[in-house]
There are 2 protein chains.
Amino acid sequence: MVNDRRRGRPSGPTGPVISRALRLLDAFDAEHRALTLSDLARRADMPLSTAHRLVQELCAWGAVERDDDGLYQVGLRLWELGSLAPRGPGLRETALPYLEDLCQITRENVQLAVREGTEVVFVERIAGFGSVPVLTRVGGRWALTSTGVGLVLLAHASTEVQEDVLNGPIEHHTAKTVTDPVQLRRMLAAVRSNGYSVSDRQVTMDALSVGAPIRRGDGEVVAAVSLVVRHGSTTAHGLAGLVRTCAQAISRALTP
Amino acid sequence: MVNDRRRGRPSGPTGPVISRALRLLDAFDAEHRALTLSDLARRADMPLSTAHRLVQELCAWGAVERDDDGLYQVGLRLWELGSLAPRGPGLRETALPYLEDLCQITRENVQLAVREGTEVVFVERIAGFGSVPVLTRVGGRWALTSTGVGLVLLAHASTEVQEDVLNGPIEHHTAKTVTDPVQLRRMLAAVRSNGYSVSDRQVTMDALSVGAPIRRGDGEVVAAVSLVVRHGSTTAHGLAGLVRTCAQAISRALTP
DNA sequence: GCGCGGTTTCCGGAAAATGGAAGGCTCGCC
DNA sequence: GGCGAGCCTTCCATTTTCCGGAAACCGCGC
């Protein structure tokens, strides 16, 4: 049901209005925070005049703004709205003190993430004291199959999501990245029975991460915490206890 | 147009589509993070079926989500997008280390804010060690006339904005809140010549805040920092130096 | 002057948006 | 059990708003 709607036609709407406006917003990402109108139109694949009209409306409301060079950027109003998202900033707020404790104790990188579709979204990350440089960005996305948090979230996702991910193309980063569906399935089973995940050098060759699930009152996994450490500095098993304890504390804080 | 009385009320669009979708999103605020469809329609003042259709489209994209009780809430995707806003998270990111330094030194509440229209939007706040409880929320709005950051931002806004604010109704919080336009004008002039603002018990009777402007390369004021302390604990003048130094450091960090 | 990239405005035509009505659904109360 | 009150969802005739090619409008550099 993808595109191919290019025909020189007289006039008339060609698609739901809102979805076009949202496609326009999708043109922004971490590498493209400020765009010209033409860039926006190109990236969203729509006529210039259409993009112009839509962007005008979005501007009027504050979803996008123009900077002093005339470039369009994501507006403050959108950020305000976003800061009301329960699964993002809401979760972050209640989890933060526990994450900081974990960081204090271990001096390592701590990460908090949730699943969105077939990807991980990082909600918070605290940089440990002089440990491995982190590649993640708050608000950024990542594959479910490589990171510690990702494996936890995937292990407790619906089978439908799991199949989607395992049957699709699997991101590859290092020689240790597991890309074999069969092996991944085994790993996920282990995550479920152990109560924690280990991603050993699957993202970069010098890092290892251990993740644990955060559950809601009814037991459903809604998020995950992880600790990212330099490979070889500690055993994964040694960290697992700490991470699980932290995750359980957050789970408890979430339920009332 | 001409009087055109129709008996069977026909149907047809009554307003720009996108603006309606955005009005729908406006229904969410800090006190209403989860709403039923009916509430949404009521708050946005539109027919149920219209709200339903629009919300469906927003859901499909991830701008809103449904929680397990069927309530609608702001979606994670929106937060992701919002985290790309240069004036919000972008500014926050570069300013954070300086704000933390200021907090370490003074042990007091530190706030970072920008102006949006005729209001203040708080971009970051760090809670000092056992000082005055803060009323602000990251992502929250406030009047320009009462807080330390607000006075700074108002003092350096265009005359048009200043007139808008001074001629409009002015929020009143305590017996010390300045609501007289003439007196406010004098305060703003003082802010410009001193390089810092003082809000003495204008928000609560036990707090005092001192703000300073953050400037871009060309000198334009783009944000403000403030320190919020218990009334009587220190003199405003004593704090002003620290706040200004911090603001200047951030200004410098912003320019390259 | 001329061309070039980006931006803005225009306007006839037609698809997409609208919202009242009707159908389900789940409670809680008589 | 029957019944009403809310809430959610689907339907569809009616028209209003959206669409987008074209053309004007900017600087800017040559």
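In what follows, every chain begins at residue 1, and chains take the letters A, B, ... in the order their sequences are listed. Computed from a prediction, not measured in an experiment: that's the story for all the values here.
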Task: Interatomic distance, B/Glu57 CD vs D/dC18 P [rounded to whole Å] - done: 13 Å
N/O donor to acceptor pairs below 3.5 angstrom from side-chain atoms of residues 149-162 of chain B, sequence neighbours left out:
{"unit_1": "B/His156", "atom_1": "ND1", "unit_2": "B/Val152", "atom_2": "O", "d": "3.0"}
{"unit_1": "B/Ser158", "atom_1": "OG", "unit_2": "B/Val161", "atom_2": "N", "d": "3.3"}
{"unit_1": "B/Gln162", "atom_1": "NE2", "unit_2": "B/Leu154", "atom_2": "O", "d": "3.0"}
{"unit_1": "B/Gln162", "atom_1": "NE2", "unit_2": "B/Ala155", "atom_2": "O", "d": "3.2"}
{"unit_1": "B/Gln162", "atom_1": "NE2", "unit_2": "B/Ala157", "atom_2": "O", "d": "3.1"}

- [ ] Rounded off to whole Å, could you give me the CG-to-C1' distance for the A/Leu54 and C/dA16 pair?
- [x] 14 Å
Open item on the list: Rounded to whole Å, how long is the line connecting atom CD1 of B/Ile18 with atom C1' of D/dC19?
Closed with: 12 Å
Task: Options C/dT8, C/dT7, C/dA17, nucleotide nearest the side-chain atoms of B/Val17 - done: C/dA17
Task: Between P of D/dT17 and CD of A/Gln56, the distance in whole Å - done: 18 Å
Task: B/Arg53 side, atom CZ; A/Ile18 side, atom CD1 - distance, nearest 0.5 Å - done: 8.0 Å
TODO: Report yes or no: is the cationic atom of B/Arg87 (NZ for Lys, CZ for Arg) closer than 6.0 Å to the six-membered ring centre of A/Trp79, at no more than 45° off its axis?
DONE: no
TODO: Under the side chain to side chain donor-acceptor pair (under 3.5 Å) rule, collect the residues that match up with A/Thr136, sequence neighbours excluded.
DONE: A/Gln111
Task: Distance in angstrom units between B/Leu71 CG and C/dT26 C1', rounded - done: 15 Å
TODO: State plainly whether the residues B/Asp26 and A/Arg77 are in salt-bridge range, i.e. N to O under 4.0 Å.
DONE: yes
Task: Residue pair B/Leu54 / B/Met46, side-chain heavy-atom distance below 4.5 Å - done: yes
Open item on the list: So, OP1 or OP2 of D/dT17: does either fall under 4.0 Å of a side-chain N or O from A/Arg20?
Closed with: no
Task: N or O in side chain of A/Ser38 less than 4.0 angstrom from C/dT7 OP1/OP2 - done: yes
Task: Nearest-neighbour nucleotide for the A/Leu37 side chain, D/dC7, D/dC18, C/dT8 considered - done: C/dT8
Task: Positions of residues 39-53 of chain B (non-hydrogen atom under 4.0 Å from DNA chain C), listed by number - done: B/Pro47, B/Ser49, B/Thr50, B/Arg53
